Every structure is written in structure tokens, then in C-alpha cells.
Amino acid sequence: MIECDGLVKIYKTDEIEVMALQGLDLKVKKGEMMAIVGNSGSGKSTLLNMLGGLARPSAGKLFVDGKDLFKLTEKELVFYKRNTVGFVWQNNARNLFPYLTALQNVQVPMLFGDAKLKKQRALELLDKVGMSHRIHNTLKKMSGGEQQRVAIAIALANKPRLLLADEPTGAVDAKTANRILEIFKQLNEEDGITIVIVTHDNHFADQLGRVVRIRDGKTSSERLLRENSKEVLDSLKGFHEEDKHFEEYAVLDKAGRVQLTKEVLEEIGVSDNKVKLEVVDGKVLISKVQDSFE
Ligand SMILES: Nc1ncnc2c1ncn2[C@@H]1O[C@H](COP(=O)(O)OP(=O)(O)OP(=O)(O)O)[C@@H](O)[C@H]1O
């Protein structure tokens, strides 16, 4: 569904150039649900904006749903933004019109003309996100979590194949975050929608099958959730907290470099810029350089 290869994004202002993405590689399969994490300023939102066609990438390769985002004309890009992707933002002012009801809000982006069909689809979507009881309420009368659920219904209005969410649980409590996660899982499992979620919420990210960490505009590591030996997607269904087991993957770049996370380095006690490498039984062992060696 998504293929980024050496993706670069440079923001140019009058005085400075900021390289927000510095050759990012990422592949996401159709029907996958995954999280993107990383420190503030690492490039997460920039990546999401590129995937959503909201800003043009500067260099590299970017394919979404078979479309080359470098080659889309302005007209094709408008079509892409409306049909291929749906966006859920943390800031609900960006998702919803405050003076419209939930039912009206969900119909705003719909492209087809038939008013009856629009209303019917909006009702179905609001039911899907558990908001049937609030269809005639405006933004003011809804909690943050409820607004977020309406925002998900809006993002689904034109049946996107890819749903992008930027900090969807950033402004809600843990219980509401779980409810939102359940909705995403349901959309992913039942409708096969590919979902990419940018989050700061580690607990939320841990519930997803795949967590990719971005550092300095590049993919730096990846964690896959496994339930014993079963496939990742199986593990998303009804696992218990105690069965969870993570496997950490680092990205090997074209120059043969691997970036280890701070947590892994701390775990093996490395605090400087030198590590010991050994090839043992076809595996590479990385360990702390012993004092006598230094
Ligand atoms: N429109 C812009 N113009 C100039 N620089 C920008 C613009 N948008 C982002 N940047 C810069 O690009 C870098 C990456 O920003 P980005 O918002 O993608 O990071 P992020 O990981 O989403 O951060 P956060 O978690 O704080 O939202 C930062 O240095 C940021 O200042």
C-alpha cells in the first residue's frame, strides 16, 4: 500500500532550509495497521502529510496504493486526497465544523450527489463508530472522545483505502483511547482499511502489531508484536497482556549501517561511540567494549 524509498522533504523558508525527512524508507502492506513513533521534530507529521498528499515530497520515491505521488498532477492530487486517503487529526477544529451537527459534518466531504444516500451513509458511519446517539449534536455538546469518533466517521466518508491518524488519542483519557483503538481495529479487520497512526502514546502503540520509530527524518527501528510463533496479524486478535512479546528490528541502510535505539544501548551498557562486533554462528553479536580493550 505504501512504499517510501529514500524519501526527502525539505521545507524552505526565506532564511533557512529544514530537512524534515532525510531519506526515509518505509513499506506498509495493504491491510496493515501500524504506529509511527518518534521524538518531537523527528518528522512524523511531515511523513503523514506526504502520505496524505498535503505536501509534495522533495526527493526519493513515494508510492501509495500504486500511485506515484511525485507524478500526480494537481487535479489527480485533489482526487487522491478525497478518495484514497482519510485523515484524523488530533485537533478537532481541523476535523469538524463546530456549527454543524455530527450527521451534517459526516456528509460534508461526500462526493456523490444524492442527498438520501449521503444521509444513509453518514448514519451508517456514525453507527460504526458508536455515535448514533449523538447525530443531532454539535461539537460543543460532545466530549473530546466523541468528537474524535465523529472525526473518524468523517475520514471514512469517501471509503478511503488508507486511513492516516495524527495523534488521535493525544487529547483524550486512557479509557477513551482504548475505545478509539477498538474502532481502528474493527475498521482494519472488518473493512481491510490500511491504518497508519502517529502517536506519542506508548501504551497505545504497544497495542498495534508494528511500531516504526523515526529519528532525525529516517526510519531507525521497528518493533513487531508476536503472540508466541503466530503471525503478527493473528496476534492482534484477542491477545492477553501476559502473552505479548515484542521483537525489535533495526533498519539496515544501503551503506550497511544499523542504528540501535537508546534503550538497546542502555541494556547492553554502551555509553560511548564504540561497540564490539563478533560473528558467531551466522549471527552478529554487538556488545560493550571491555575496559581492558580500550
Ligand atoms: N511547514 C514547515 N516549515 C518549516 N519547517 C517545518 C515545517 N513543518 C515542519 N517543519 C520542521 O520539520 C521538522 C520535522 O517536523 P514534524 O512536524 O514533521 O515533526 P514531528 O515528529 O511530527 O513533531 P511533533 O511530534 O512535535 O509533532 C522539524 O524540525 C520542524 O520544525
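Remember, it's a predicted structure, so these values are computed and weren't measured experimentally. Every number for a ligand or one of its atoms is a count from 1 in the order of the listing.
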- Looking at atom 14 (C) of ligand 1, what's its closest protein heavy atom, distance included? Gly41 O, 3.4 Å
- Do Thr84 and Asp65 meet the criterion of a side-chain donor-acceptor pair at a distance under 3.5 Å? no
- Query: Out of Ser45, Ala20, Ser40, Ser42, whose heavy atom is nearest to atom 13 (C) of ligand 1?
  - Reply: Ala20
- Message: Under a 4.0 Å threshold between the charged nitrogen and the carboxylate oxygen, would Lys128 count as salt-bridged to Asp191?
- Response: yes
- closest protein heavy atom to atom 11 (C) of ligand 1 is Val18 CG1, 3.7 Å
- Check Lys218 against Gln22 and note the closest heavy-atom contact, atom names and distance. CE-O, 3.1 Å
- Pull out every atom of ligand 1 sitting under 4.0 Å from any heavy atom of His200, numbered as shown with elements. 25 (O)
- Which heavy-atom pair separates Pro160 from Gly86 by the least distance, and what is that distance? CB-N, 3.5 Å
- Task: Report the part of Asn39 (side chain from C-beta onward, or backbone N, CA, C, O) that has a heavy atom under 4.0 Å from ligand 1; answer both or neither where that applies.
- Result: backbone
- Query: Side chain, backbone, both or neither: which part of Thr46 has a heavy atom under 4.0 Å from ligand 1?
  - Reply: both
- Taking both backbone and side-chain atoms of Gly43, is any N or O found less than 3.5 Å from an N or O belonging to ligand 1? yes
- Does some non-hydrogen atom of the protein lie less than 4.0 angstrom from atom 30 (C) of ligand 1? no
- Nearest protein heavy atom with distance in Å, relative to atom 9 (C) of ligand 1: Tyr11 CE1, 3.3 Å
- Salt-bridge contact Arg210-Glu32 (side-chain N to carboxylate O under 4.0 Å): yes
- Compute the shortest N/O to N/O distance between Lys44 and ligand 1 and return yes if it is under 3.5 Å, no if not. yes
- Query: Has Lys9 got its NZ or CZ under 6.0 Å from the middle of the six-membered ring of Tyr11, at an angle within 45 degrees of the ring axis?
  - Reply: yes
- Side chains of Thr169 and Ile197: closer than 4.5 Å at any heavy-atom pair? no
